[in-house]
Student: 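Below you'll find the structure I mean.
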Amino acid sequence: MHGQDVTLNGVSMRYPNGFVAVEPTDLTIRAGEFFSILGPSGCGKTTILRMISGFLDPTTGSIAIGGRPMDGIGPNQRPTALIFQNLALFPLMSVRENVAFGLEARGMAKAERRRRADDLLSLVALEGQGDKKPGELSGGQRQRVAVARALAVEPAVLLLDEPLSALDLKLRQHMRAELKDIQRKTGVTFIYITHDQGEALTMSDRIAVMNRGRIEQVGPGEEIYNAPATAFAATFVGEQNRFTGTVVDADSETALIETPLGRLSGLNRHGLKQGENAHLFVRPERMAVALNGHAADLDNRLDARLERRDLEGPFLNLFLRAGDMPLTLHVTNAGDGMTLEKDAALPVGFRRKDAIVLRAEG
Amino acid sequence: MHGQDVTLNGVSMRYPNGFVAVEPTDLTIRAGEFFSILGPSGCGKTTILRMISGFLDPTTGSIAIGGRPMDGIGPNQRPTALIFQNLALFPLMSVRENVAFGLEARGMAKAERRRRADDLLSLVALEGQGDKKPGELSGGQRQRVAVARALAVEPAVLLLDEPLSALDLKLRQHMRAELKDIQRKTGVTFIYITHDQGEALTMSDRIAVMNRGRIEQVGPGEEIYNAPATAFAATFVGEQNRFTGTVVDADSETALIETPLGRLSGLNRHGLKQGENAHLFVRPERMAVALNGHAADLDNRLDARLERRDLEGPFLNLFLRAGDMPLTLHVTNAGDGMTLEKDAALPVGFRRKDAIVLRAEG
Amino acid sequence: MTDQTAGSLLSAPARRQRSVDWSAALLNGYLLFFFAWMFLPLILMVLAAFNANPTPSATDWQGFTLQWFEKLPRDERFMQGLFHSLLIAAGVIVTAIPMGLAGALILSRLQSRANTLLYTLLVSPVLTPGIVLGATTMIFWRDLFGVEAGLFTTVMAQAAFIAAYCMLMFMARLQRQDHVLEEAALDLGASPFFVFRRVTLPFLMPTILTAAFISFLQSIENYNTTFFAIGGSWTLVTEIGSRMRFGLSPMINAIGVIFIAITVVVAVTHTIMTRKRA
Amino acid sequence: SSGQVNVFAWGDYIQANQIEKFEKDTGIKINLSTYGSNDEAEQKLKAAGGKGFDVIFPSITNGNNYYPDGLLAELDETKLVNAGNLIQSMVNDSVKLGGTYRGKRMLMPFNWGTEAITFNSADMPIADADVSFGSLWMPEAAGKSAFRQKSVIMGVGLYLDAKGDVKSNRMLDVYKSEDDARRVWDACARFVIENKDKIAAFWNNATEATNAFKQAGAKIGQTWDTTGLLLNREDASWKYRMPKEGGITWMDSVGVPSGAENIEQAYAFINALMTPEFGGMMSKNTGYNSAVAGAADFAGDEYKKQFNEVYNAENLANLWWWQADTPWFAPLRQEYVDKITNA
Amino acid sequence: MGALTRSFGKPLSFGFIALVAIWLFGLILLPQISMIQRAFQVEDRGGVSAQLSIDIDKLYVRKFDIEQQLKALEQPTAAQPQAPSPFAPSMGQAPAAPSPNDPFAGLSAKKAPAGDPAEIEAKRKALQAEQNAVSAKIADLEAQETGPAALDLRYSLENFTSMSAVHFQIFVATLFYALCVTVLAFLVCYPVAYAVATAGAGNRAAMLLLALVVPYAINELLRIFAWVMILERQGLFNSILNALGVIDFSAGEGFRFVSSNGAVFAVMVYAYVLFMVFPIYNTIETLDRNQIEAARDLGASTWRIHTRIVIPHAKPGIAVGAIMTFMLSAGSIAVPEIVGRGMHPDWFSQVIYRRFFEADSWNQGAAYSLALLVACMVFILAVMAVFKVGIRDIAK
Ligand SMILES: Nc1ncnc2c1ncn2[C@@H]1O[C@H](COP(=O)(O)OP(=O)(O)OP(=O)(O)O)[C@@H](O)[C@H]1O
Ligand SMILES: Nc1ncnc2c1ncn2[C@@H]1O[C@H](COP(=O)(O)OP(=O)(O)OP(=O)(O)O)[C@@H](O)[C@H]1O
Ligand SMILES: NCCCCNCCCN
Ligand SMILES: [Mg+2]
Ligand SMILES: [Mg+2]
């Protein structure tokens, strides 16, 4: 199996009822990469996937796979295979029949397809389960059957539509590793759709963050998390403390903004100018309690008051309030029983390089 | 309203099919406390709750509420109110009628029960929503209606069976605080059932960790997390790295155990003796990478190799392998792009006081 | 519909349409044929009701007339038959609904192997040919109680299977009800009767109304069972049947038009209402 | 008098002119229900346990099907003030045909008629003297004959008996025993089935009989008088004639069901029927012959003319009468009906 | 039981149980049992009791005859001449009244008995003696009668085994035709059910569904009637043929489509097709459309999608549709009665009807009903086995 690249050229989708689900989009997905599209429900992820798989024709633009334009080519003739949100396994067929279905449709002889199906079942660690019905498998096993079924037709591109969303947390985390592993083994291009940032971040080579039919940022996970390009990307991926104000001073590295809580500085990656309205984002885990000399390297400081403190296990959530503003801090549970009184005054702060300043729209 | 205490005296439950869902159990829940029962699915939590509420009769033992034995007293006569896993609001009645239902059943006059219901609705911050149908409310609001309805009959003990499990993550976190708040305001004893450690840890005064019909540990959340009494409690609540071996040296504070990875030391809270088989548990967030002088205070060290590195957002999961053993580390995402090569050798370690030594059973 | 009209009648909007999907075209053609086959006879029947030709015909047009409608209320057998039909329907509704409801409630609680047996027995009338039901009822009441076939036996025979329809509707509804609701009510201090009255019954109410409506329709239009159980009496439908055997009359077309009109109005209203709600 | 009377009659027996006159004369309202065959009447009354009707018109030979179940009430002859108008010999003969049960008078004669041959002389020119039950089966009748399955087995039986093919003592054998009945009817049914290419239509009541000729294309048939006579009134080429084997003759009667509720009104109605005026109206409407002496004087010229065309001394002398039903008669005959129908 | 009282309390629970008991026993089981009882009960119409009854009837008639003759002896004039023609008109040469007993005697009016008183007296004596003998005999025979029904009853399989060859043949033919109706209905319906079920949720789907519901809700009889209008001798088909010059109405030509076996069959398909559409529609509607797309995405042809995905999924619906269609058509009386007009080979339901209401043979009617019921049950069980569905899938 060999991955192929996928190119979207000005592709948009307008549904017959007039709703524009996908704005004109240019996007290149590299051959063999694990590419995720991350965005909230209804933002158009499935629509993009269905256009790539050929179930929908783009309203404008064109799609090419492996350099070959796909116009007028039906879903059953594209080098893609789709894994549906709900898997869409055939419940009345055995696992083996499911996996072999695409081969059956191609007219492969029974013995041959049985052999191939069994090969694929061992690839996804389901040896000996071929005679069961999908209903007799656990969620994770079903997941793997869906993958095997899709891989059976030797696609160059595998399209996965939130394939883990029906699973419970533990299993979901486990399956991430498995999927990633299969992708690595097969070299097939994976286009993976999710609204779960954890999934996108842990598995993907690159992520596209999508919002309201538009792709707002494309890049590796770390880039998206640490250097979000838009306010949406900043808040959709991970938690943020957001401070809003006006830029009072800016150079190519740093911006200083005037907020109701005082002047705060952060990285000015997007070249904001003095006078512009801006949001400054700091992640809860990048904020620190400025007690006992910990404060040394904190460029920004705030006086806050502890409202609540929740032990989550590996970390503590501190809910504070600075003036009118609620703040959240993540602090690792070091086991030293950080004993903080409710309503205690608690100076907090963050480093300039942990804060990002973005233009406030509208 | 006044909370009452609940005492279980040798209570057990054996279902007609012979399955013992709850082993003989002694347990005292203090008046007015927020008490959680935490355990995996099927461990017997609901069974205990249904015995306390009177829907099930214990096979052995007896239950007392506020010192009064409850034998032979039906669910509609106990000073308890139950909040069901799915809330069980009456969909055809208005919110107010729902809340007033228990009063109506007691024959209270219409005007009076209306007044009482409205009082309760303001207690749960639902003023003015009385005329809506439950279906018109959001998940969190419905949650609060269920609480108000249960409180209407002025129970001394409120029994909550995974009341938040149907809500989405954000709302669940929000409702934790609300429930805790209502409990504080009313002073009613809350017995809260959950299989979500986060919930149990953040809300409870005390937690009972339950496994296979048996309560394994009772104590405040921090104690359960930081000083689990059994291997099950240690692993069910939060993640753990587990090292198994034999105690080679032990005093009242510390135990040293011989493992395939070498000798490791941890706290010996349960007084293990030399020669005993033991597990040593260390949480992923208590393990550190022993690079760049970070190693100073690490009592135990291991040579590991990085296998995978997942960015989860606020933290990184490092999956390592030391010898045959997989290890997990949680490292805060400091944004400084800790750039670790796959397969890089990575010395790690942990402090003695962050490790717990427990007897290995069987 | 919007710019879709030229598209296939079947495939959902925005499905692939650029390449000619001729299995869809074939299906569309077939559908057209099927619905023509369904409706053409009915349309002919309606046309003939307004044709002055005393032999019902849509082709041999002898002028527009309403006389067949005017004759209806003066036809005593029809009117009396209608009255009998209504009486029977009322009887069926008051017997079938409580029985169906009781059956559904018991089956929803009964947790033993007897459940399937009871279920099978109670739904068996639905799977029994109507004439057999009519005949057994007729025999039973005559042999055991000396009650001869007539309106009463017709009610009994119809109720036997209509109650099963009601029961199935109630069971479907009850399946959507949470048992827990009843427990919740008990927990809040209510007595079982209070729970039934305040929780279970209101929950079932819409289904009871639907069931009453369906029972009414089923009863009014029943022929096979009634034919055997009615004895010397008659209903509108058996009267229509016996007239048809003697030859065609546009009065039957007139009745047909009325039935069709009512059906169409009810069905359309129902569709519009459910669509609005959705 | 006042009130109402529930009349259950053959479809053509009670018509608008009679109803109008009766209601005017007596003030009693007639609720009329009709039937098309004796079985229908019998089973409806049986199903209703003898209730629901005040007057009924069974063929006299069917009385035995009503009596054992107690469906009919004994007639109160003191109330039948007009019974004297009836032709006395018919009253007497009606006893032998089944009008009494265990010595009690249950039914009184109402009218009589025949089941003979109706044919279109234009299509099938047959001389009156040659008309036979066998005419239905002539090669020329292919696809053109109509009959009632229930009585064709009698007509064919008479034909075969006359020809000497199947001896049946002029069909009286079928009343002798079940075995005799089977022997004869087996042969009759076989004959019909062998000749089924002749069949155009079956009929079971007078309306269907008429439709057989008007709609189904039949040109010759074994029918009740009314069918042939009414066709003849419209188009003279239709003839109704006695076959040479003898016309099959029936007598219909009037009785009061055991569950009748309007007894007084029932007798008032029966007495009215026993007047020559009413008898005449019936004959005029249908062509059947009344049991009331002198009714023919009220039946109109057309009726008289037709009677003389159809009947004469010989064929009257040669009539074949339906006999009182025996217990096995109905189920057994139905079996042959089914055989013919499904051949 | 415990669960029931716990949910509803005692009084309500007992009320429910009572209602179900009434339904189960009063409306379902006991009626079936009475039918079964009758089915195995044989009335011997040629038996001893029947013969006894006939004999008594004959004696009564003889008694009446004697009375008449005695009366005639008393009033010789009254008996003579025999009543004139019952139809007084015109007949100068009046033939005598047709006598039911002795039709041949009509022409020669019987002579009055001779006037010789001694002869008369002797005759009277003889008649009176016979009258007494007859009366005594009647009393004797009546004493032997056990019940008014005058029929011998016994239990046996005779009602089934004596089923005549015609009836058996009709029974088999009916089941065969019903099976054909079922198969044809399936073929006709499946594409429709599929199309409507997969039309999505738009207006078009609603319209299609409405177009199915409307004819479905219209009375069966009226739908049949509509067809009679088309098939009649003067109906639409013949009118068209007439207009095309194939036949000539004025010459009395015209096909008798109605009353033909084919017409009954065709109208039955029309009448019961919708009982096949809805169950199939209902199951296909629950088919996850992703499965169809998944199959197509994996390269399956339309045919394969149907045979491998849609039809297997729709099995329970097909089973229900088949059972309903079969049961309705095997038991249909409306279609054969109205379309057949008695002229086409019978449907078994008509035989049953006539056993009850024309042959006056309720027991055989019951036996035949039972046979039909058993046939339907066998069909249902067979369908359940073949389609691997349970009773709960079926009654929906
Ligand atoms: N056939 C359709 N006609 C009209 N609008 C549609 C249609 N299908 C989808 N939409 C709309 O287009 C938008 C994008 O839909 P899409 O299914 O691509 O979302 P998604 O990002 O996959 O969401 P989710 O995470 O919930 O699956 C939604 O607002 C949806 O309501
Ligand atoms: N009526 C019953 N008869 C037999 N066994 C039962 C019955 N009800 C529950 N059990 C069994 O008893 C055990 C405990 O059930 P229980 O409902 O108390 O679990 P739980 O801890 O509440 O689980 P969950 O978190 O899934 O709700 C389970 O193994 C369950 O299968
Ligand atoms: N088997 C006796 C037939 C009696 C026929 N009566 C004819 C009445 C027609 N309306
Ligand atoms: Mg989607
Ligand atoms: Mg539970």
Side-chain angles (χ1 to χ4, degrees), chain C residues 1 10 12 23 27 30-31 34-35 38 41-42 44-45 48 55-56 59 98-99 102-103 105-106 109 111 120-121 123 125-132 135-137 139-140 143 156 159-160 163 168 182 192-193 196 221 223-224 227 237 240-241 244-245 252 256 259-260 263-264 267 271 275, chain E residues 3-4 7-9 12 16 19-20 23-24 27-28 30-32 34-35 38 191-192 195 199-200 203-204 206 210-211 213-215 217-222 225-230 234 236 239 302 323 327 330-331 333-334 337-338 341 349 352 356 365-366 369 372-373 376 380 391 395-396:
Chain C
M1 257 167 278
L10 280 175
S23 70
L27 193 52
Y30 177 74
L31 270 194
F34 175 84
F35 283 111
M38 274 286 120
L42 300 176
L44 291 177
M45 176 160 75
T55 321
T59 43
M99 292 187 308
L105 289 169
I106 288 180
R109 304 298 134 139
Q111 267 156 3
T120 307
L121 290 174
V123 298
V126 171
L127 305 174
T128 304
I131 59 169
V132 175
T136 56
T137 307
I139 294 172
F140 170 69
D143 286 1
M156 291 296 108
L168 293 172
E182 285 162 13
F193 184 74
F196 182 72
E221 85 142 34
Y223 182 73
N224 284 358
F227 193 58
V237 166
I240 293 174
M244 283 186 206
R245 278 188 297 139
I252 297 175
F259 265 81
I260 292 175
T263 310
V264 170
T271 306
R275 299 220 81 210
Chain E
L4 201 61
S7 297
F8 302 116
L12 270 181
F16 293 152
L19 277 169
V20 168
W23 178 18
L24 181 60
L27 274 65
I28 302 174
L30 293 178
Q32 296 289 346
S34 339
M35 174 181 74
R38 282 248 189 188
V192 178
N203 280 321
R204 187 185 34 241
L210 192 63
V213 167
V214 165
I218 288 168
N219 191 297
E220 175 184 343
L221 236 50
L222 294 170
F225 175 76
W227 270 95
V228 176
M229 275 181 58
I230 294 174
Q234 310 281 337
L236 182 74
S239 300
T302 301
I323 286 170
M327 188 268 287
I333 187 127
E337 278 286 305
I338 290 163
R341 299 271 190 83
S349 56
I352 294 178
F356 279 108
S369 303
L372 179 63
L373 181 62
C376 286
I380 291 171
I391 182 80
K396 278 271 164 64

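In what follows, chains carry the letters A, B, and so on, assigned in the order in which the sequence lines appear, proteins first and then strands, with residues in each chain numbered from 1.
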Student: With a 4.5 Å cut-off on heavy-atom pairs, point out which of E:L236, E:L19, E:V20, E:N219 contacts chain C the most.
Tutor: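 Top count of heavy-atom pairs under 4.5 Å with chain C: E:N219.
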
Student: When heavy-atom pairs shorter than 4.5 Å are enumerated against chain E, which of C:A267, C:G130, C:P129 gives the highest number?
Tutor: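 Most pairs with chain E among the choices: C:P129.
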
Student: Do E:W23 side-chain atoms and C:A160 backbone N/O form a donor-acceptor pair below 3.5 Å?
Tutor: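 Side chain of E:W23 to backbone of C:A160, a donor-acceptor pair under 3.5 Å: yes, one is there.
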
Student: If you measure from CZ on C:F140 to CD on E:Q32, what distance do you get to the nearest 0.5 Å?
Tutor: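 Between atom CZ of C:F140 and atom CD of E:Q32 there are 11.0 Å.
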
Student: Which atoms of E:A330 are under 4.5 Å from chain C, going by heavy atoms: the side chain, the backbone, both sets, or neither?
Tutor: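 Neither part.
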
Student: Could you check E:W227 against E:I230 for side-chain contact (heavy atoms from CB on, under 4.5 Å), going step by step and ending with a plain yes or no?
Tutor: CA-CA 5 Å; E:W227 270 95; E:I230 294 174; 4.2 Å; yes

Student: Tell me, side chain or backbone of E:T302 under 4.5 Å from chain C's heavy atoms, or both, or neither?
Tutor: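 Just its side chain gets close to chain C.
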
Student: Of the backbone (N, CA, C, O) and the side chain (C-beta and beyond), which part of C:D143 lies under 4.5 Å from a heavy atom of chain E, both, or neither?
Tutor: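 Answer is side chain: those atoms of C:D143 sit under 4.5 Å from chain E.
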
Student: List the atom of C:G241, the atom of E:L221, and the distance in Å for their closest heavy-atom pair.
Tutor: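 Of all heavy-atom pairs spanning C:G241 and E:L221, the closest is N-CD2, 3.7 Å.
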
Student: Please classify the contact of C:P125 with chain E as side chain, backbone, both or neither, using a heavy-atom distance under 4.5 Å.
Tutor: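 Answer is side chain: those atoms of C:P125 sit under 4.5 Å from chain E.
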
Student: Less than 6.0 Å separating the ring centroids of C:F196 and E:F16?
Tutor: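 Yes; E:F16 has its ring centre under 6.0 Å from that of C:F196.
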
Student: Heavy-atom distances under 4.5 Å only: say whether C:T271 touches chain E with side chain, backbone, both or neither.
Tutor: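 Contact with chain E is through the side chain of C:T271 alone.
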
Student: E:L372, E:V213, E:L210: which one forms the most heavy-atom pairs within less than 4.5 Å of chain C?
Tutor: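 With the most close heavy-atom pairs to chain C, the winner is E:L210.
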
Student: Is E:L12 close to chain C through its backbone or its side chain, or both, or neither, when contacts mean heavy atoms under 4.5 Å?
Tutor: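 E:L12 touches chain C through side-chain heavy atoms alone.
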
Student: If you compare all heavy atoms of C:E221 against all heavy atoms of E:A217, which two are closest, and at what distance to 0.1 Å?
Tutor: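 Distance-wise, the nearest heavy atoms are OE1-O, 3.9 Å.
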
Student: Just so I understand: if I count every heavy-atom pair under 4.5 Å between each of C:V264, C:I240, C:V237 and chain E, which residue has the most?
Tutor: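 Greatest number of close heavy-atom pairs with chain E: C:V237.
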
Student: Does the pair C:T136 and C:I131 meet the rule for a side-chain contact (heavy atoms from CB on, under 4.5 Å), with working shown?
Tutor: CA-CA 8 Å; C:T136 56; C:I131 59 169; over 6 Å; no

Student: What part of E:F8 lies closer than 4.5 angstrom to a heavy atom of chain C: side chain, backbone, both or neither?
Tutor: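 Both parts, backbone and side chain.
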
Student: Which answer fits E:I380, side chain, backbone, both or neither, if we ask what part of it has an atom under 4.5 Å from a heavy atom of chain C?
Tutor: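 For E:I380, the contact with chain C is made by the side chain alone.
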
Student: Is E:I333 close to chain C through its backbone or its side chain, or both, or neither, when contacts mean heavy atoms under 4.5 Å?
Tutor: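 Its backbone and side chain both get close to chain C.
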
Student: Measuring heavy-atom distances to chain E, does C:F193 have an atom under 4.5 Å in its side chain, in its backbone, in both, or in neither?
Tutor: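 Answer is both: backbone and side chain atoms of C:F193 are under 4.5 Å from chain E.
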
Student: Between C:M45 and C:I252, is a side-chain contact (heavy atoms from CB on, under 4.5 Å) present by the stated rule, with each step listed?
Tutor: CA-CA 9 Å; C:M45 176 160 75; C:I252 297 175; 5.9 Å; no

